[in-house]
**Student:** 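Can you keep this structure in mind? I'll have questions shortly.
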Amino acid sequence: MTIRIAVDGTELEGRDGQTIAGVLIGAGRRSWRSAAGAERGVFCGIGVCQDCLVTVNGVEGVRACQRTARDGDVIEREAR
Amino acid sequence: MSRRVVILGAGPAGLAAAQAAIAHGADVTVLDEGERPGGQFWRHHDALTDPRMQHQWPRFERLRGALDRAEVHAQASVWHVETDGGLRMHALVGPADAAGRTALTVEADALVLATGAHDRALPVPGWTLPGVITAGAAQALAKRDGVAPGRRTVVAGAGPFLLPVAASIGLAGGSVAEVVEAVGVGAIARGWGRSPWRLAGAAGKAGELTEYLGDLIRHRTPYRFGSAVTRIHGVGTVEGATIQRVDADWRPIPGTERVVECDSVALGHGFTPRLEAAIQAGCAISPDRFVEVDGRQATSVPGVFAAGEVTGIAGADAALAEGAVAGFLAAGGELGDPRLRRVVDARRRMHAFAERLATHAIRSGWTAWLDDDTIVCRCESVTRARIAEYADASSRGVRLATRAGLGACQGRTCGRSVEALVAASVDYDQRPVLSSIRIGELAGLHHTPDRIKHQEQE
């Protein structure tokens, strides 16, 4: 089953059950956060490094590699 | 009344502990941060995981079946372990990092720590570029999400784990440009070839390795020994990697550089145990930084047992055997019980296998591939030069002046590397809370009545 999530206003398609990071990588997106002005994406993939944090439906600091994407999720990038 | 055994972690060690404790009549509760049991080894999603990536799946299904007789809390982030005046675990249950998760407190007569390990990836110039991930991340994305990290990936680091990672990337639809192993062929032959009769008991492992090697040969994937990725190139994303020969100490050999085109790099130089719960519980930690256990898998804290990678990096089979011993004893069993004979034998055989993994232990020369401006602490973007400037400062001094280790991951990623650079312990293992929780959740706990298991018995 296909799900759709909005990432910074762009709609991406993923497969039901994938994490937010899985949907992003599957759609060819590598970066969705910035640190010290440089792009960052997923690094550890298992919830340890916190490099993939995004805002999900208005809630900040969610690890994209740990959160299962739900149809209609609205994802915004974070910077620090 | 049966003993209440709480198990932290539902990977091979935790599942084996649960099964053994249930079989011995204990009242078992399993707390795991994942959505489904399996840990990293059996990470899966029913619809998204290619079953060819899994090993010993029937064994997993049997262990999972045993959980029917346990209380299982998935998506449980344990943030505090109390051992004074009884064993008590505090967790927040709900979707990862969601606001307003449910507070849960569980009391126990015995606790089994089966929290596993995560990748240790050494810093390298360019390693913060999107497209650079850990070997474990490549494995997790392939198993959990059914995606490859990129179209063409260089897999680099040290140890046999690079093999299943390369295989999983292929099965998830990516291609592997090269597998790059830092240890030279001679050292590997000496390390793994010594007294091979002791490896006879690990024949299953040998079969698994042969399968992976066959896979590499079929795909004509080069496997480089005595080499390392010493620089990753790109603007905004990975475009290539420099692969260079290294000496026995992992120091790059000048003049041997080759640039390989790729759009992702998976790095895995070994593993670091997830010690947070053990440290919070007050368990003695060995000089080489694993949880100290005796032949009973008992830690230095009464009632607290540990099994799997937190006690030493030895792979899933050792974790299964250790977990079975830990669970059985946590439930009140004795080590001399004949029912334990087989797992105790298996544990001994797999420890002999694990000794060989030391062949791939990180050597000190890796710091020679860093530039002054290479970021070491990813969270706070702290460079090698900045850390070197405070190398003689106190542990607190290094942290406060550079902010290395004070970011969101609390030194989980950079801690060991910072220690290598300052040649001293910086105590990044000592963290006030086990897992990241929101300040609001922490504050709210004071007002929220905890659901205490077995409250009615108090």
Side-chain angles (χ1 to χ4, degrees), chain A residues 1-3 5 7 12-70 73 75 77-80, chain B residues 33-35 40 43 45-49 75 77 95-100 116 118-119 121 127-141 144-151 173 235-238 263-264 267 272 274 375 378-381 407-410 412-414 435-436 438:
Chain A
M1 203 186 90
T2 301
I3 57 160
I5 62 173
V7 181
L12 298 184
E13 266 187 17
R15 294 165 69 192
D16 191 26
Q18 283 181 318
T19 59
I20 291 167
V23 172
L24 282 155
I25 298 231
R29 288 275 292 259
R30 301 299 196 79
S31 61
W32 50 82
R33 193 178 80 91
S34 65
E39 289 295 295
R40 294 284 182 90
V42 71
F43 180 62
C44 83
I46 62 167
V48 174
C49 78
Q50 321 271 329
D51 235 327
C52 65
L53 297 182
V54 286
T55 296
V56 180
N57 304 326
V59 177
E60 289 178 23
V62 175
R63 290 166 293 172
C65 75
Q66 294 297 290
R67 175 67 73 85
T68 298
R70 301 284 172 221
D73 274 348
I75 316 296
R77 50 186 291 140
E78 295 188 5
R80 64 154 292 136
Chain B
E33 64 182 2
E35 287 188 15
Q40 305 307 334
R43 183 179 278 275
H45 182 282
D46 285 342
L48 301 171
T49 309
Q75 296 190 300
S77 292
D97 304 320
H118 64 79
D119 286 85
W127 77 315
T128 57
L129 281 168
V132 182
I133 62 174
T134 67
Q139 188 80 324
L141 286 168
R144 167 71 174 74
D145 297 292
V147 297
R151 285 183 299 279
V235 180
T237 185
V238 175
D263 63 353
S264 70
L267 299 173
T272 296
R274 302 182 76 164
I375 286 171
R378 299 173 62 98
C379 296
E380 295 292 312
S381 300
C409 94
Q410 292 286 290
R412 285 170 175 85
T413 310
C414 71
S435 53
S436 304
R438 295 174 187 282

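In what follows, every chain begins at residue 1, and chains take the letters A, B, ... in the order their sequences are listed. What you see is a predicted model, and the numbers here were worked out from it, not measured in a lab.
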**Student:** Pick whichever of A/Glu60, A/Arg33, A/Arg40 has the most heavy-atom pairs under 4.5 Å with chain B.
**Tutor:** A/Arg40
**Student:** So what's closer than 4.5 Å to chain B heavy atoms on A/Asn57: side chain, backbone, both or neither?
**Tutor:** neither
**Student:** Nearest 0.5 Å please: distance from the SG atom of A/Cys49 over to the CG atom of B/Asp119.
**Tutor:** 10.5 Å
**Student:** Does any backbone or side-chain atom of B/Asp46 lie under 4.5 Å from a heavy atom of chain A? Answer side chain, backbone, both or neither.
**Tutor:** neither
**Student:** Please state whether the side chain, the backbone, both or neither of B/Ala47 comes within less than 4.5 Å of a heavy atom of chain A.
**Tutor:** backbone
**Student:** Do you know which of B/Gly236, B/Ala99, B/Pro95 has the most heavy-atom pairs under 4.5 Å to chain A?
**Tutor:** B/Pro95
**Student:** Checking B/Ala137 against chain A: side chain, backbone, both or neither under 4.5 Å from a heavy atom?
**Tutor:** both
**Student:** I'd like to know if the side chain of A/Arg30 reaches the main chain of B/Asp263, judged simply by a donor and an acceptor atom lying under 3.5 Å from each other, with no hydrogens or angles considered.
**Tutor:** yes
**Student:** Below 4.5 Å from any heavy atom of chain A, which atoms of B/Thr128 appear? Answer side chain, backbone, both or neither.
**Tutor:** both
**Student:** Is chain A contacted by the side chain of B/Ala98, its backbone, both, or neither, given a heavy-atom distance below 4.5 Å?
**Tutor:** both
**Student:** Please state whether the side chain, the backbone, both or neither of B/His118 comes within less than 4.5 Å of a heavy atom of chain A.
**Tutor:** both
**Student:** Please flag which part of A/Arg80 lies under 4.5 Å from any non-hydrogen atom of chain B: side chain, backbone, both or neither.
**Tutor:** side chain
**Student:** Give me the one residue out of B/Val132, B/Thr134, B/Leu141 that meets side-chain contact (heavy atoms from CB on, under 4.5 Å) with A/Val42.
**Tutor:** B/Leu141
**Student:** Tell me, out of B/Arg412, B/His45, B/Arg378, who's got the most heavy-atom pairs with chain A below 4.5 Å.
**Tutor:** B/Arg378
**Student:** Flag the one option from B/Gly34, B/Ala140, B/Gly407, B/Pro149 with the top tally of heavy-atom pairs under 4.5 Å to chain A.
**Tutor:** B/Pro149
**Student:** Sort B/Gln139 into side chain, backbone, both or neither according to what part of it lies under 4.5 angstrom from a heavy atom of chain A.
**Tutor:** neither
**Student:** Tell me, for B/Leu48 versus chain A, whether the close heavy atoms (under 4.5 Å) come from the side chain, the backbone, both or neither.
**Tutor:** both
**Student:** May I ask you to name which of B/Arg151, B/Gln40, B/Gln410 has the most heavy-atom pairs under 4.5 Å with chain A?
**Tutor:** B/Gln40
**Student:** Quick check: do A/Gln50 and B/Ser436 have side-chain heavy atoms less than 4.5 Å from each other?
**Tutor:** yes
**Student:** Ignoring hydrogens, what is the shortest heavy-atom contact between B/Pro130 and A/Ser31? Give both atom names and the distance.
**Tutor:** CG-CB, 3.5 Å
**Student:** Could you tell me which portion of B/Ser435 (side chain, backbone, both or neither) has an atom closer than 4.5 angstrom to a non-hydrogen atom of chain A?
**Tutor:** neither
**Student:** As a quick check of understanding, evaluate side-chain contact (heavy atoms from CB on, under 4.5 Å) for A/Ile25 and B/Asp145, giving each step before the final call.
**Tutor:** CA-CA 9 Å; A/Ile25 298 231; B/Asp145 297 292; over 6 Å; no
**Student:** Select one option (side chain, backbone, both, neither) describing which atoms of B/Gln75 are under 4.5 Å from chain A's heavy atoms.
**Tutor:** neither
**Student:** Output the distance between atom CD (B/Glu33) and atom CD1 (A/Ile46), rounded to the nearest 0.5 Å.
**Tutor:** 8.0 Å
**Student:** Nearest heavy-atom pair of A/Gln66 and B/Ala96: which atoms, and what distance?
**Tutor:** CB-CB, 3.6 Å
**Student:** Out of A/Gly17, A/Ala36, A/Gly14, return the one with the most heavy atom pairs under 4.5 angstrom to chain B.
**Tutor:** A/Gly17
**Student:** Could you tell me which portion of B/Glu35 (side chain, backbone, both or neither) has an atom closer than 4.5 angstrom to a non-hydrogen atom of chain A?
**Tutor:** side chain
**Student:** Given side chains that start at C-beta, do those of B/Arg144 and A/Thr68 come closer than 4.5 Å, heavy atoms only?
**Tutor:** yes
